Q: 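One structure coming up, written as structure tokens, with questions to follow.
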There are 2 protein chains.
Amino acid sequence: MAGDRRIQYTKMVLRESLIELLREKPIARLTVTELCKKADINRATFYSHYRDQFDLLAQIESAVIADINSYLDHFIHETSEANMVQILTKIFEYIQQNSKLCQVLLGNNGNIDFQTNIMKIVSQRVVFEWQKKQKVDETTAEYIYTYVATGSIGIIRKWLGDDKGKPPQQMAEFVSHLVYKGIEALIE
Amino acid sequence: MAGDRRIQYTKMVLRESLIELLREKPIARLTVTELCKKADINRATFYSHYRDQFDLLAQIESAVIADINSYLDHFIHETSEANMVQILTKIFEYIQQNSKLCQVLLGNNGNIDFQTNIMKIVSQRVVFEWQKKQKVDETTAEYIYTYVATGSIGIIRKWLGDDKGKPPQQMAEFVSHLVYKGIEALIE
DNA sequence: GTGATTTCAAACACCATGTTGATTATCTTT
DNA sequence: AAAGATAATCAACATGGTGTTTGAAATCAC
């Protein structure tokens, strides 16, 4: 009763069809009818699982968020002392392994909420490192997190578009350098 | 023939109605019918000016982009030597003066393309400062721009949500500090 | 195999869409 | 102020997606 293969197939093919369609047009431009036709799933079946196409996309995004977290949890558990470079490396690795999916979710047709959620992961995983040392007030700290996290997301988005991008660890070191030392050491 | 008051009113009330609706729901969730009802404009009139609600939003965004650029052009023209803090201050000032509009366009219901376009402004206005000094390859430079620009957009978005945010110049100095020196000087 | 669950096809009323043509209101020009 | 031009309005229409409901067929778990 737990995992009916029919349900699993239906949801899987709907997910994959939506991701494919999202490479061509934004979620607002495509219809449930169009999606079901591509997936070869009856429209009534779709509505028995999802409210609309936005609901399906939201569930896909939530699953990715949960997946990244469990991926990081597993890693953190193994090496009790994780620094920022290690965490970032793992995130870049995960994104590389799921590049097609991430290209859509983080691409120009993606929504901002998902970026924000990824951002929160980056923040939460690194924040505890800084809270020990920081001497700035809480508000300032939040602004710093925002800057670092959104900047990192921007780099990830660009990296996803590059055919010949650097490997995850080099990217993590590069980002870490930018975060801690800024660009001063890189110019002049 | 240039500015028919009827057209001006129609477009103006449609713009304002759309912005109001976007504070409640994303563009994909609202209909042309709903928008015209709120604006008290006949639907056929809407279609004589815009293709759909996305077209209207895109035109609003383009106008803002152009407005920011002319705002900066005017400033740069006056003071021939502008540094990053000055440019950022002007951008923060502009956003503060148009906070209601920017809150919607940069908020969670906004689209990523607009953020990217704002990002390009930040980059283009500051890039020439760095190109003189930089000793990194072009690809690395692009990644740096991306990090700095998207990070700055993130701070702007957070600043727009803060009731008691710092004044534009302090924000500009704060961002400039983060960009050049990173967070190392702020912790420990 | 058997009962339970899911998918499917078809049909349905409902609503948004995009367009049309005729009418009314407003603007610009003189 | 009047005339001609332009734009907004209104009603109406065909079209297509929506969300739901039926009963039958297919597939599942046990």
Side-chain angles (χ1 to χ4, degrees), chain A residues 1-63 104-105 108-111 113, chain B residues 1-63 104-105 108-111 113:
Chain A
M1 187 176 249
D4 196 317
R5 291 172 191 169
R6 292 170 294 182
I7 299 180
Q8 284 186 326
Y9 172 78
T10 296
K11 291 191 172 183
M12 182 260 288
V13 69
L14 281 174
R15 280 196 303 267
E16 292 185 354
S17 298
L18 179 61
I19 295 301
E20 275 200 47
L21 286 176
L22 284 178
R23 300 177 69 168
E24 302 163 11
K25 58 178 93 175
I27 181 82
R29 294 283 193 184
L30 57 87
T31 65
V32 174
T33 301
E34 182 184 5
L35 171 62
C36 290
K37 189 179 175 185
K38 184 179 186 66
D40 195 30
I41 294 292
N42 190 276
R43 203 160 52 84
T45 305
F46 174 90
Y47 282 111
S48 70
H49 290 294
Y50 306 101
R51 233 180 111 259
D52 47 34
Q53 66 267 48
F54 305 97
D55 183 32
L56 169 56
L57 177 58
Q59 291 196 27
I60 293 175
E61 291 176 346
S62 297
V104 170
L105 296 183
N108 277 3
N109 289 343
N111 71 357
D113 276 343
Chain B
M1 186 178 248
D4 196 317
R5 292 172 188 169
R6 292 169 295 182
I7 299 180
Q8 283 185 327
Y9 172 79
T10 297
K11 290 191 173 183
M12 182 261 288
V13 69
L14 282 175
R15 280 196 303 266
E16 293 186 353
S17 298
L18 180 62
I19 296 301
E20 275 200 48
L21 287 175
L22 285 177
R23 300 177 68 169
E24 302 163 9
K25 59 178 90 173
I27 182 79
R29 293 284 194 180
L30 57 88
T31 65
V32 175
T33 302
E34 183 184 6
L35 171 62
C36 290
K37 189 178 176 185
K38 184 178 186 66
D40 195 29
I41 294 292
N42 191 277
R43 204 161 51 84
T45 305
F46 174 90
Y47 283 111
S48 69
H49 291 294
Y50 306 102
R51 237 180 105 257
D52 48 33
Q53 66 267 49
F54 305 96
D55 183 33
L56 170 56
L57 178 57
Q59 290 196 27
I60 293 175
E61 291 176 345
S62 296
V104 169
L105 297 182
N108 277 3
N109 289 343
N111 71 356
D113 276 342

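A, B, ... follow the sequence lines: proteins, then strands. Residue 1 opens every chain. It should be emphasised that the depicted structure is a prediction, and the values quoted were computed from it without experimental measurement.
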Q: Using whole Å, what does the distance between atom P of nucleotide C:dT19 and atom CG of B:D52 come to?
A: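 That distance rounds to 10 Å.
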Q: Looking only at the side chain of A:T33 (C-beta and beyond, no hydrogens), which of the listed nucleotides D:dG17, C:dT7, C:dT17 gets closest?
A: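 So the side chain of A:T33 is nearest to D:dG17.
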Q: Does the side chain of A:H49 get closer than 4.0 angstrom to OP1 or OP2 of C:dT7 through an N or O atom?
A: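 Yes.
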Q: B:I7 side chain: which of D:dA7, C:dT6, C:dG18 is closest?
A: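 Of all the options, the side chain of B:I7 is nearest to D:dA7.
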Q: With a cut-off of less than 4.0 Å, is there a side-chain N or O of A:N42 near OP1 or OP2 of C:dT7?
A: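 A:N42 to C:dT7 OP1/OP2: no side-chain N or O under 4.0 Å.
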Q: Can you tell me which nucleotide in D:dT18, D:dA8, C:dC27 comes closest to the side chain of B:R5?
A: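 Closest nucleotide among those given: C:dC27.
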Q: Ignoring the backbone of A:D4, work out which of C:dG18, C:dT6, D:dT18 is nearest its side chain.
A: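 Looking only at side-chain atoms, A:D4 lies closest to C:dT6.
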Q: Look at B:D52 together with A:R29 and state whether they make a salt bridge at an N to O cut-off of under 4.0 Å.
A: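 Salt bridge flag = yes for A:R29 with B:D52.
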Q: If you check the A:A44 side chain, which of C:dT6, D:dA7, D:dT21 turns out closest?
A: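 Given the options C:dT6, D:dA7, D:dT21, the side chain of A:A44 is closest to D:dT21.
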Q: Report yes or no: does B:Q53 contribute a side-chain atom to a donor-acceptor pair with the main-chain N or O of B:L30 at less than 3.5 Å?
A: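 Pair found, side chain donor or acceptor close to backbone of B:L30.
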Q: Could you tell me how far apart B:F54 (CZ) and C:dA16 (P) are, to the nearest whole angstrom?
A: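 These atoms are roughly 15 Å apart.
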Q: Is the closest basic N to carboxylate O distance between A:K11 and A:E16 below 4.0 Å?
A: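 No salt bridge links A:K11 with A:E16.
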Q: Does B:T45 make a side-chain N or O approach to OP1 or OP2 of D:dT9 shorter than 4.0 Å?
A: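 True: B:T45 side-chain N/O within range (under 4.0 Å) of D:dT9 OP1/OP2.
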Q: Whole Å only: how far is the CG atom of B:L56 from the P atom of C:dG18?
A: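 Going from CG in B:L56 over to P in C:dG18 covers 14 Å.
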Q: Return the nearest nucleotide to the side chain of B:T10; candidates are D:dA12, D:dA8, C:dT6.
A: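 Looking only at side-chain atoms, B:T10 lies closest to D:dA8.
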Q: Suppose we call a contact any N or O donor and acceptor under 3.5 Å apart; does that hold for the side chain of B:R6 and the base of C:dT26?
A: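 Looking at the base of C:dT26, it does pair with a donor or acceptor on the side chain of B:R6 (distance under 3.5 Å).
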Q: In this structure, how many angstroms lie between the C1' atom of D:dT18 and the CZ atom of A:F46, rounded?
A: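 It is 11 Å, rounded to the nearest whole Å.
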Q: Rounded to the nearest Å, what distance is computed from the OH atom of residue B:Y9 to the P atom of nucleotide C:dC27?
A: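 Answer to the nearest Å: 12 Å.
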Q: Taking the side chain from B:S62 and the backbone from B:A58, do they hold a donor-acceptor pair closer than 3.5 Å?
A: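 Yes; judged by distance alone, with no hydrogens or angles, the pair exists.
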Q: Using whole Å, report how far CD of B:Q8 lies from P of C:dT26.
A: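 These atoms are roughly 16 Å apart.
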Q: In Å and rounded to the nearest 0.5 Å, what is the CG to NZ distance from A:L35 to A:K38?
A: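 So the CG of A:L35 and the NZ of A:K38 are separated by 9.5 Å.
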Q: Nearest whole angstrom, please: distance from the C1' of D:dA7 to the CE of B:M12.
A: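 Roughly 16 Å, once rounded to whole Å.
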Q: Once hydrogens and angles are ignored, does a donor-acceptor distance under 3.5 Å link the base of D:dG17 to the side chain of A:R43?
A: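 Donor-acceptor pair under 3.5 Å: no.
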Q: Between C:dT17, D:dT20, C:dC8, which nucleotide has the shortest distance from any of its atoms to the side chain of A:Y47?
A: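 Nearest to the side-chain atoms of A:Y47, counting from C-beta on, is D:dT20.
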Q: What integer distance in Å separates A:Y50:OH from C:dT7:P?
A: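 Taking atom P of C:dT7 as the reference, OH of A:Y50 is at 10 Å.
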